[in-house]
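This report refers to the structure that appears directly beneath it.
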Amino acid sequence: MSLTSNFSSKFKVDIKNDIQYNWFKNNVGYIDKSLSETAVANIRWDFRGRAYLTGSYTMEYFQNDFSALTIENHILNASIGCHLFKSRKGSISLNAYDILDHTSNISTIVNDQYISNTSKQLFPCYYAIAFEYRFNNSR
């Protein structure tokens, strides 16, 4: 499910949600059920003609019955940037990823002998400076 709204030409909001239910059974008879949900909210605000501010928040939830594993991620990303040149074909931005420093991952392996679920912490919070240039005229 997705909802997109342009309150004006300078302010945009996107909200998305995805829910999945998985059921596994192997030859030995192990049954594994899991529920996962991902909710995403994005905003973009263009201000002062050339500057922009973006932000995104993602909530990921995973619950597994077999291993009684529950993972809940909250991911916040943000960037501030400026369009460059008269034609606005270039931009430079400062980006911050996983500001809350709370991202983990789960891996599920299902074969005829066993079912295995593994959870691990991913990259910590990091920052980047980006320069972009668009060679074509499409926006």
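- Distance check: Lys16 NZ to Thr58 OG1 gives 9.5 Å after rounding to the nearest 0.5 Å.
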Exercise. Under the side-chain contact (heavy atoms from CB on, under 4.5 Å) criterion, do Phe47 and Lys10 qualify, and how do the steps go?
Worked result: CA-CA 7 Å; Phe47 60 96; Lys10 298 179 186 284; over 6 Å; no
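- Val13 and Val40 are members of different hydrophobic clusters when ILVMFWY side chains are connected at heavy-atom separations under 4.5 Å.
- Between the side chain of Asn73 and the main chain of Met59, no donor-acceptor pair closer than 3.5 Å is present.
- In this structure, Lys89 places its NZ atom where more than 12 heavy-atom neighbours from other residues, nucleotides or ligands lie under 6.0 Å away.
- Counting heavy atoms from C-beta on, the side chains of Tyr21 and Lys33 come closer than 4.5 Å.
- What you find for Arg50 and Phe85 is that their closest heavy atoms are NH1-O, 2.7 Å.
- In summary, the aromatic rings of Tyr133 and Phe135 are positioned with their centroids under 6.0 Å apart.
- A distance of 6.5 Å separates CD1 of Ile129 from CD1 of Ile92, quoted to the nearest 0.5 Å.
- Looking at every heavy atom in both residues, Asn17 comes nearest to Glu37 through OD1-OE2, 3.2 Å.
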Problem set entry | Residue pair Ile19, Leu35: steps toward the side-chain contact (heavy atoms from CB on, under 4.5 Å) verdict | CA-CA 7 Å; Ile19 298 175; Leu35 175 70; 4.0 Å; yes
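- By the criterion of side-chain heavy atoms lying less than 4.5 angstrom apart, applied directly or through intervening Ile, Leu, Val, Met, Phe, Trp or Tyr residues, Ile80 is grouped together with Phe11 in one hydrophobic cluster.
- The hydrophobic clustering, which links ILVMFWY residues whose side-chain heavy atoms are closer than 4.5 Å, places Tyr57 and Leu53 apart.
- Here the OG atom belonging to Ser56 is positioned 9.0 Å from the OH atom belonging to Tyr97, to the nearest 0.5 angstrom.
- Legend: residues meeting salt bridge (charged side-chain N to carboxylate O under 4.0 Å, His left out) with Arg44, ordered by chain and number and at least two apart, are Asp46.
- Of all non-hydrogen atoms in Ile99 and Cys125, the two that sit nearest each other are CA-SG, 3.9 Å.
- Pairing each heavy atom of Cys82 with each of Tyr52, the nearest pair is N-CE2, 3.6 Å.
- When hydrophobic side chains of Ile, Leu, Val, Met, Phe, Trp and Tyr are connected at separations under 4.5 Å, Ile75 ends up as a singleton with no cluster partners.
- Between the CG atom of Asp18 and the OG1 atom of Thr38 there is a distance of 5.5 Å, given to the nearest 0.5 Å.
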